[in-house]
Amino acid sequence: MKMASDIPSVDEFRPLVLRALADGQERGRRELNEMVSTLAGLSRDQMQETLESGQLRYRNRIGWALSSFAKSGLVDRPKRGRYKITEYGKTVDRRSLREYSETDMLEWDTWREYKEEVA
């Protein structure tokens, strides 16, 4: 089923999130949203697209990418709303992928354990 939106999927945002964090600096959510949207080349219209809840669609997808990375061990959350890439995350970033799915993330024990826990 094709979505009406041409905003990148969560899977497509994941490599961009890692790229934005690749320098090893701890970053806040607002700064990451800006960096990732720039890396994705989002238009003004894309950045204004909302979900039924009123949340901006691109921010929602970046948030899901960050959440899955925190669960898989590719990104650390040193404190609320702050993110930093891990060595695992740097490994994936060096692959220069166009997308990185939840299935792809099964290579990481922490992600497999999380998926088993919620199943």
Side-chain angles (χ1 to χ4, degrees):
M1 181 170 100
K2 182 156 174 47
M3 294 180 57
S5 175
D6 62 348
I7 293 173
S9 67
V10 173
D11 292 354
E12 293 167 323
F13 269 127
R14 283 191 184 105
L16 300 175
V17 166
L18 291 178
R19 174 67 8 212
L21 290 167
D23 65 2
Q25 297 298 308
E26 182 182 310
R27 291 196 159 53
R29 184 74 180 269
R30 183 174 292 148
E31 182 181 8
L32 277 171
N33 285 337
E34 242 176 75
M35 292 174 76
V36 172
S37 64
T38 298
L39 287 169
L42 297 183
S43 69
R44 175 177 285 173
D45 286 345
Q46 288 173 312
M47 291 176 71
Q48 293 175 347
E49 188 176 315
T50 59
L51 299 169
E52 286 183 25
S53 66
Q55 184 182 20
L56 294 170
R57 186 179 303 275
Y58 84 96
R59 287 185 182 169
N60 174 273
R61 291 181 179 174
I62 292 169
W64 280 109
L66 284 164
S67 177
S68 63
F69 280 160
K71 297 286 187 198
S72 66
L74 275 67
V75 168
D76 277 333
R77 246 190 301 218
K79 53 188 152 183
R80 188 169 184 204
R82 304 289 299 175
Y83 300 88
K84 185 173 180 168
I85 197 167
T86 65
E87 288 306 313
Y88 289 143
K90 290 177 183 177
T91 297
V92 174
D93 177 56
R94 284 190 291 273
R95 297 176 187 167
S96 299
L97 302 170
R98 293 196 64 230
E99 60 183 61
Y100 195 63
S101 72
E102 286 192 13
T103 302
D104 295 328
M105 291 187 336
L106 290 172
E107 72 180 289
W108 307 105
D109 291 339
T110 48
W111 182 250
R112 280 197 308 274
E113 291 164 9
Y114 168 71
K115 293 303 281 184
E116 289 169 6
E117 185 178 309
V118 296

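Hydrogens, waters and symmetry mates are skipped; everything else that's a heavy atom, side chains included, is used.
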Let's go through Thr110 and Lys71 carefully: what are the C-alpha distance in whole Å and the side-chain angles of both, what is the deciding distance for side-chain contact (heavy atoms from CB on, under 4.5 Å) to 0.1 Å, and is it a yes or a no? CA-CA 7 Å; Thr110 48; Lys71 297 286 187 198; over 6 Å; no

Would a 4.5 Å heavy-atom cut-off, applied to side chains only, mark [X] and [Y] as touching?
X      : Y      : result
Glu87  : Lys90  : yes
Val75  : Lys84  : no
Phe69  : Tyr100 : yes
Met105 : Ser68  : yes
Lys115 : Glu102 : yes

Answer yes or no: are there more than 12 heavy-atom neighbours, outside Tyr58 itself, under 6.0 Å from its atom OH?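 For Tyr58, atom OH is crowded (more than 12 foreign heavy atoms under 6.0 Å).
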
Near Arg94 CZ, under 6.0 Å, is it more than 12 heavy atoms from other residues, nucleotides or ligands?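 More than 12 within 6.0 Å, yes.
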
Test Val36 against every option in Leu18, Leu66, Val17 by the side-chain contact (heavy atoms from CB on, under 4.5 Å) rule and name the one that passes.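 Answer after filtering Leu18, Leu66, Val17: Val17.
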
Considering all heavy atoms of both residues, which atom of [X] and which atom of [Y] are nearest to each other, and what is their separation?
X     : Y      : answer
Arg61 : Ile7   : NH1-O, 2.9 Å
Ser72 : Trp108 : O-CB, 3.8 Å
Pro8  : Leu42  : CD-CD2, 3.6 Å
Ala65 : Arg14  : CB-CG, 3.7 Å
Arg29 : Gly63  : NH2-CA, 2.9 Å

Are Leu39 and Leu56 connected into the same hydrophobic cluster when the rule is that any two of I, L, V, M, F, W, Y join if their side-chain heavy atoms are below 4.5 Å apart?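 Yes; Leu39 is reachable from Leu56 via cluster members.
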
Cluster overlap Leu106 with Tyr114, hydrophobic side-chain contacts below 4.5 Å: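 Linked, Leu106 and Tyr114 end up in one cluster.
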
Extract all donor-acceptor atom pairs below 3.5 Å that involve side chains of residues 19-27 and protein atoms in other chains or at least two apart in sequence.
| unit_1 | atom_1 | unit_2 | atom_2 | d |
| --- | --- | --- | --- | --- |
| Arg19 | NE | Asp93 | OD1 | 3.3 |
| Arg19 | NH2 | Asp93 | OD1 | 2.9 |
| Arg19 | NH2 | Asp93 | OD2 | 2.3 |
| Asp23 | OD1 | Gln25 | N | 3.0 |
| Asp23 | OD1 | Arg27 | NH1 | 3.0 |
| Asp23 | OD2 | Arg27 | NH1 | 3.4 |
| Asp23 | OD2 | Arg27 | NH2 | 3.0 |
| Glu26 | OE2 | Arg82 | NE | 3.0 |
| Arg27 | NE | Glu31 | OE2 | 3.3 |

Given the rule in the side-chain contact (heavy atoms from CB on, under 4.5 Å) test, do Glu49 and Gln46 qualify, once you have shown the distances and angles that lead to the verdict? CA-CA 5 Å; Glu49 188 176 315; Gln46 288 173 312; 5.5 Å; no

Going by chain and number, the hydrophobic cluster around Trp64 (ILVMFWY, side chain to side chain under 4.5 Å) further includes Val10

For the residue pair Thr50 and Arg57, confirm or rule out a side-chain donor-acceptor distance under 3.5 Å. no

Which residues pass the side-chain hydrogen bond (donor to acceptor under 3.5 Å, both in side chains) test with Glu117, not counting sequence neighbours? none

Would you compute the distance between atom [atom1] of [X] and atom [atom2] of [Y] and round it to the nearest 0.5 angstrom?
X     : Y      : atom1 : atom2 : answer
Glu99 : Ser101 : CD    : OG    : 7.0 Å
Thr86 : Asp76  : OG1   : CG    : 6.0 Å
Leu97 : Asp104 : CG    : CG    : 7.5 Å
Tyr83 : Leu32  : OH    : CG    : 8.0 Å

